[in-house]
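All remarks here apply to the structure that follows.
In what follows, every heavy atom counts, from backbone to side chain, and hydrogens, waters and symmetry copies are set aside.
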Amino acid sequence: MPVSKCPKKSESLWKGWDRKAQKNGLRRQVYAVNGDYYVGEWKDNVKHGKGTQVWKKNGAIYEGDWKFGKRDGYGTLSLPDQQTGKCRRVYSGWWKGDKKSGYGIQFFGPKEYYEGEWCGSQRSGWGRMYYSNGDIYEGQWENDKPNGDGMLRLKNGNRYEGCWERGMKNGPGRFFHLDHGQLFEGFWVDNMAKCGTMIDFGRDEAPEPTQFPIPEVKILDPDGVLAQALAMFKKTEEGD
């Protein structure tokens, strides 16, 4: 009895090519159409693990952790310096879902940087900002601005301690005029002191003290004022 054999089906070429194109594990440079390229680990055809991404358009370089195609974990972002032409670090810290999230350091310039907490690529939580003019803010942040309790220390040593809202002094606070040896304590609205008291504070040690000390306010007859107040209070009770 004759035996018939079925010829073995051959796999389509495109399936083989597609299987080879699926990126998993460590790969060398993989270029995009626009000239960007990535060197590092892959999983199921997306960046996953440790890797370096280079963007051709602006020269940005990211080195660090990836998760399912997005920057996630610890990583460093660098940009080319227009003056030197060399890459300089602009951010080192934690990422989540391709955005700065967690603790990190952002460099805005040679003498201006922020170290602290981030959320959604905005300064949020506790952080310290070093400004190029020598001022330092340390405290709470929200939506990329000082918000909550914080202290601003000026270059000359004077400082404000108190409440902030939308990047401005808002609420109760104290301003130490250490150069003149005075302390103002009061209430602020959008960086303007609305009401409060000013007292001498370390005036004898101040580098530029005021010409005259603030006179002490006293009641000439405190016992008489107290007695009058008690009498009025008693009269009010009897009337009730």
Side-chain angles (χ1 to χ4, degrees), residues 14 16-148 150 152-153 164 166-167:
W14 71 268
W17 294 337
D18 184 65
R19 187 172 58 253
K20 291 178 181 179
Q22 295 300 311
K23 295 178 281 293
N24 278 291
L26 182 63
R27 288 292 182 100
R28 295 181 181 272
Q29 291 183 356
V30 177
Y31 283 86
V33 178
N34 60 3
D36 300 346
Y37 67 89
Y38 171 82
V39 180
E41 296 176 313
W42 297 76
K43 183 179 180 181
D44 297 332
N45 215 35
V46 294
K47 303 159 193 169
H48 191 87
K50 301 287 184 182
T52 300
Q53 170 77 34
V54 179
W55 289 270
K56 182 181 179 181
K57 186 175 181 179
N58 59 359
I61 302 174
Y62 172 81
E63 300 175 271
D65 297 325
W66 296 79
K67 189 178 288 186
F68 304 116
K70 295 183 178 181
R71 291 170 288 187
D72 202 300
Y74 189 85
T76 299
L77 179 66
S78 303
L79 288 172
D81 191 302
Q82 295 181 354
Q83 296 179 349
T84 63
K86 297 180 180 179
C87 280
R88 62 177 180 85
R89 182 180 54 173
V90 294
Y91 178 79
S92 289
W94 293 92
W95 301 72
K96 186 175 183 181
D98 223 28
K99 294 183 178 181
K100 302 164 194 168
S101 186
Y103 181 84
I105 301 176
Q106 171 85 38
F107 295 89
F108 299 93
K111 297 181 180 179
E112 187 165 299
Y113 65 96
Y114 168 86
E115 56 179 4
E117 297 176 310
W118 296 77
C119 183
S121 287
Q122 290 188 327
R123 290 167 285 188
S124 187
W126 179 93
R128 184 186 293 119
M129 180 71 195
Y130 295 85
Y131 297 95
S132 58
N133 62 359
D135 297 346
I136 302 173
Y137 171 82
E138 181 176 356
Q140 295 175 316
W141 294 74
E142 187 177 342
N143 296 328
D144 222 33
K145 293 180 180 180
N147 201 92
L152 176 65
R153 185 165 66 249
W164 296 77
R166 298 172 283 107

Q.
Below 30° counts as parallel, above 60° as perpendicular, anything between as tilted: where do the rings of Phe68 and His48 land?
A. tilted
Q: Would you name the heavy atoms of Ser78 and Arg89 that are closest together and state the gap between them?
A: OG-CA, 3.8 Å
Q: Could you tell me the separation between the OH atom of Tyr74 and the OG atom of Ser92, rounded to the nearest 0.5 Å?
A: 4.5 Å
Q) Can you tell me if CZ on Arg166 sees more than 12 non-hydrogen neighbours from other groups inside 6.0 Å? A) yes
Q. About how many Å separate CH2 of Trp118 and OG of Ser101, when rounded to the nearest 0.5 Å?
A. 11.0 Å
**Q.** Thr52 (side chain) donor-acceptor with Glu63 (main chain) under 3.5 angstrom
**A.** no
Q) Taking 4.0 angstrom as the limit, do Arg71 and Asp65 come out as a salt bridge? A) no
Q. Can you name the nearest heavy-atom pair linking Leu79 to Ala60, along with the distance?
A. CD2-CB, 3.5 Å
**Q.** Criterion side-chain hydrogen bond (donor to acceptor under 3.5 Å, both in side chains) on Tyr113 and Glu115, from CA distance to verdict
**A.** CA-CA 7 Å; Tyr113 65 96; Glu115 56 179 4; 5.3 Å; no
Q) Going from CH2 on Trp42 to CG on Asp44, what distance comes out if it is rounded to the nearest 0.5 angstrom? A) 12.0 Å
Q.
For Tyr114, does the six-membered ring have the charged nitrogen or CZ of Arg123 within the cation-pi criterion, i.e. under 6.0 angstrom from the centroid and within 45° of the normal?
A. yes
Q) Do the side chains of Tyr37 and Val39 get nearer than 4.5 Å, heavy atoms only? A) yes
**Q.** Glu112 side, atom CD; Phe107 side, atom CZ - distance, nearest 0.5 Å
**A.** 12.0 Å
Q: For atom CZ of Arg128, decide whether the heavy atoms of other residues, nucleotides or ligands shown that lie under 6.0 angstrom number more than 12.
A: yes
Q | Contact summary for Leu152 and Trp164, nearest pair of heavy atoms | A | CB-CZ2, 3.7 Å
Q) When rounded to the nearest 0.5 angstrom, what distance separates SG in Cys87 from CG in Asp81? A) 9.0 Å
Q) Roughly how far, to the nearest 0.5 Å, is CD of Gln122 from NZ of Lys145? A) 10.0 Å
Q) What's the verdict on side-chain contact (heavy atoms from CB on, under 4.5 Å) for Lys43 and Trp66, showing C-alpha distance, side-chain angles and the deciding distance? A) CA-CA 10 Å; Lys43 183 179 180 181; Trp66 296 79; over 6 Å; no
**Q.** Closest non-hydrogen atom pair, Tyr62 against Asp72
**A.** OH-N, 4.4 Å
Q.
Tell me the closest heavy-atom pair linking Trp95 and Gly75, and the distance in Å.
A. NE1-O, 3.3 Å
Q) Hey, does the side chain of Gln106 reach the backbone of Val90 with a donor-acceptor pair shorter than 3.5 angstrom? A) yes
